[in-house]
Amino acid sequence: MVRTPLQRASGVLEVAPQAYDQELMRVALANPQLSSAERLAIYNRQYWFRLFTVFHRAFPLTTRLLSHFTFNAYVSRFLLAEPPRDWNVDSALVGFDDFLLEVLPAELVPIAGQRLGVARLAVVQAARIDAAFHRVFLAPAVEPFHPGAQHASQLLSSRLVASPSVAVLEEHWPLCELRRTIAGEVSEAAVALPEGLLKPRFWLLLRAGTKLNLLALEPREAQLWGLLRQLSVGAALERLEQDCPAEQRAGLPESTQRWLARSVTLGAWTGLETTPSTAVRQD
């Protein structure tokens with residue numbers, strides 16, 4: 001009964017007591033002010049509003065791009081497919097950005113009450129950005145890895161283990177700036193999507209204490225971050241060189257040395273993990 005979805009046909013969220021289990025309706029007691037259905041509806045409504053609020057706070061950018069009403073529809077679909085089963089309410093958020101990637105329309109996402117929708121890729125990127133902010137902020141504190149002379153022999157054949165308090169973000173619209181702009185606003189209306197960027201932009205999101213910081217990354221630097229999460233250091237550097245145009249390869253060693261040094265200084269890694277093979281995959 002508690003998980004019975006709220007109805008949306010009227011343009012507002014409403015309980016649907018007619019969908020409650022009839023045996024439950026029979027045994028639930030009325031009181032002088034409320035019928036059994038009305039008493040049950042209180043819990044039904046509170047359940048959904050509580051979870052909607054949790055999702056709004058964790059996905060503020062996605063919520064405002066879609067409007068609260070449209071966003072809530074996707075939250076409802078997700079929670080029906082993946083009902084919360086943990087005491088920690090934040091566990092209900094896990095996988096929501098992946099869910100949106102699967103269920104959003106191919107090009108434009110319709111917004112309730114609006115003539116125009118919003119680009120699907122913008123919503124997907126917004127959800128990835130929101131999820132990363134939430135995940136990085138709540139990540140446990142870990143000891144950063146600082147490689148020394150004792151690691152030299154195994155560094156190239158090992159994979160760097162990423163700290164949970166860092167993430168690489170990609171945007172084709174100024175979404176991180178928009179997220180900062182709408183922070184603290186009290187509105188349920190959809191916010192307009194800014195003009196797209198001429199080139200994709202990459203950020204390193206990292207936590208320092210209780211503060212989240214965004215640092216700009218060069219495109220090739222962002223690619224290296226992604227490769228280092230998947231491959232050994234040696235294989236990642238080899239792949240990066242293969243993907244780099246010939247005219248840019250002369251300065252690549254110096255750049256990669258600078259990027260790796262900065263990542264270590266920022267505390268982006270927690271250790272080394274041996275890999276079974278350093279072979280570079282050819283796509």
Side-chain angles (χ1 to χ4, degrees), residues 1-6 8 13 43-105 109 118 120-142 159-171 175-176 178-180 182-183 202-214 222 225-226 228-230 268-271 273:
M1 182 281 300
V2 169
R3 292 207 302 261
T4 300
L6 301 182
R8 304 169 45 84
L13 296 174
Y43 297 96
N44 183 198
R45 187 185 296 107
Q46 287 179 337
Y47 170 82
W48 285 101
F49 283 4
R50 169 64 174 135
L51 288 176
F52 287 150
T53 300
V54 169
F55 276 78
H56 296 163
R57 290 174 177 170
F59 290 85
L61 178 59
T62 316
T63 300
R64 289 300 306 279
L65 281 179
L66 293 175
S67 81
H68 281 62
F69 192 72
T70 300
F71 179 80
N72 290 345
Y74 286 105
V75 173
S76 296
R77 290 174 59 182
F78 174 67
L79 293 176
L80 287 173
E82 301 288 341
R85 301 186 185 279
D86 192 270
W87 64 269
N88 184 357
V89 70
D90 275 342
S91 67
L93 302 163
V94 177
F96 181 62
D97 51 330
D98 292 327
F99 174 80
L100 287 179
L101 183 64
E102 295 177 1
V103 303
L104 287 174
V109 182
V118 62
R120 176 185 187 274
L121 179 59
V123 178
V124 170
Q125 290 188 352
R128 295 297 195 203
I129 289 170
D130 280 333
F133 267 85
H134 186 73
R135 182 176 64 253
V136 167
F137 183 74
L138 294 180
V142 293
R159 185 178 67 86
L160 288 165
V161 180
S163 168
S165 59
V166 299
V168 175
L169 311 179
E170 178 181 356
E171 59 179 14
L175 296 174
C176 290
L178 179 62
R179 193 180 193 274
R180 178 183 55 80
I182 64 174
F202 301 90
W203 300 96
L204 179 67
L205 173 67
L206 70 157
R207 191 186 69 215
T210 59
K211 184 179 180 182
L212 295 178
N213 298 314
L214 280 175
W225 277 85
L228 289 171
R229 287 171 174 265
Q230 305 172 40
W269 314 106
T270 62
E273 182 179 82

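When a residue number appears, it is its place in the shown sequence, counting from 1.
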> Within the side chain of Arg207, is there an N or O that forms a donor-acceptor pair under 3.5 Å with the backbone of Ala139?
yes

> Report yes if some heavy atom in the side chain of Phe55 is under 4.5 Å from a heavy atom in the side chain of Phe78; otherwise report no.
yes

> Are more than 12 heavy atoms, taken from residues, nucleotides or ligands other than Phe49, located less than 6.0 Å from that residue's CZ atom?
yes

> Could you pull out the closest heavy-atom pair between His134 and Ala58, with the gap in Å?
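Looks like ND1-CB, 3.8 Å.
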
> Is there side-chain contact between Pro84 and Val89, with at least one heavy-atom pair below 4.5 Å?
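Not in contact.
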
> Could you measure the distance from the NZ atom of Lys211 to the CG atom of Leu206? Nearest 0.5 Å is fine.
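Reported to 0.5 Å precision, the distance equals 10.5 Å.
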
> Is the closest side-chain heavy-atom distance between Leu93 and Val54 below 4.5 Å?
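Leu93 reaches Val54 side chain to side chain.
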
> Quick one: CG on Leu65 to CD1 on Ile182, what's the gap to the nearest 0.5 Å?
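Those atoms lie 7.0 Å apart.
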
> Give me each pair satisfying salt bridge (Lys or Arg N to Asp or Glu O under 4.0 Å) with a member in residues 61-75, each pair once, sequence neighbours excluded.
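As it turns out, the salt bridge (Lys or Arg N to Asp or Glu O under 4.0 Å) pairs with a partner in residues 61-75, which skip direct neighbours, are Arg64-Glu185.
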
> For residues Val123 and Thr62, determine if any side-chain heavy atom of one lies less than 4.5 Å from a side-chain heavy atom of the other.
yes

> Output the distance between atom CZ (Phe59) and atom CG (Leu100), rounded to the nearest 0.5 Å.
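Output value for this atom pair is 7.5 Å.
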
> Taking the side chain as C-beta and beyond, is there a heavy-atom pair between Leu169 and Leu214 under 4.5 Å?
yes

> Dump the intermediate steps for side-chain contact (heavy atoms from CB on, under 4.5 Å) on Phe99 and Glu82, then the final yes or no.
CA-CA 10 Å; Phe99 174 80; Glu82 301 288 341; over 6 Å; no

> Testing the basics here: between Leu66 and Thr70, what is the closest heavy-atom pair and its distance to 0.1 Å?
O-CB, 3.0 Å

> Below 4.0 angstrom, N of the basic side chain to O of the carboxylate: do Asp98 and Arg128 qualify?
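Arg128 and Asp98: salt-bridged.
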
> Rounded to the nearest 0.5 Å, what separates atom OG in Ser76 from atom CG in Leu6?
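Ser76 OG to Leu6 CG: 6.5 Å, rounded to 0.5 Å.
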
> Between atom CZ of Arg120 and atom CD of Gln125, what is the distance when rounded to the nearest 0.5 Å?
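With rounding to 0.5 Å, CZ (Arg120) is 11.0 Å from CD (Gln125).
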
> Output all residues satisfying ring pair (Phe, Tyr, Trp, His ring centres under 6.0 Å) with Phe71, sequence neighbours left out; order by chain, then residue number.
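His56, Phe96.
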
> What are the two closest heavy atoms between Pro164 and Thr270, and how far apart are they?
CD-CG2, 4.4 Å

> Assess whether atom CZ of Arg229 is packed by more than 12 heavy atoms of other residues, nucleotides or ligands within 6.0 Å.
yes

> Using modelled atom types and a 3.5 Å cut-off, is there a donor and acceptor pairing between side-chain atoms of Glu171 and backbone atoms of Cys176?
yes

> Between Thr210 and Phe137, what is the shortest heavy-atom contact and its length?
O-CE1, 3.6 Å

> Which pair of non-hydrogen atoms, one from Leu212 and one from Leu205, has the smallest distance, and what is that distance?
CB-CD1, 4.1 Å

> Would you mind listing every salt bridge (Lys or Arg N to Asp or Glu O under 4.0 Å) that reaches into residues 44-55, with sequence neighbours excluded?
none

> Asn44 versus Met1: any side-chain heavy-atom pair under 4.5 Å?
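Asn44 reaches Met1 side chain to side chain.
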
> Between Leu79 and Trp48, is any pair of side-chain heavy atoms under 4.5 Å apart?
yes

> What pair of heavy atoms forms the shortest contact from Ala208 to Asn213, and how long is it?
CB-ND2, 3.8 Å

> State the OG1-CG distance between Thr63 and Asn72, to the nearest 0.5 angstrom.
7.5 Å

> Does Leu13 reach the side chain of Arg8, with side-chain heavy atoms less than 4.5 Å apart?
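Leu13 reaches Arg8 side chain to side chain.
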
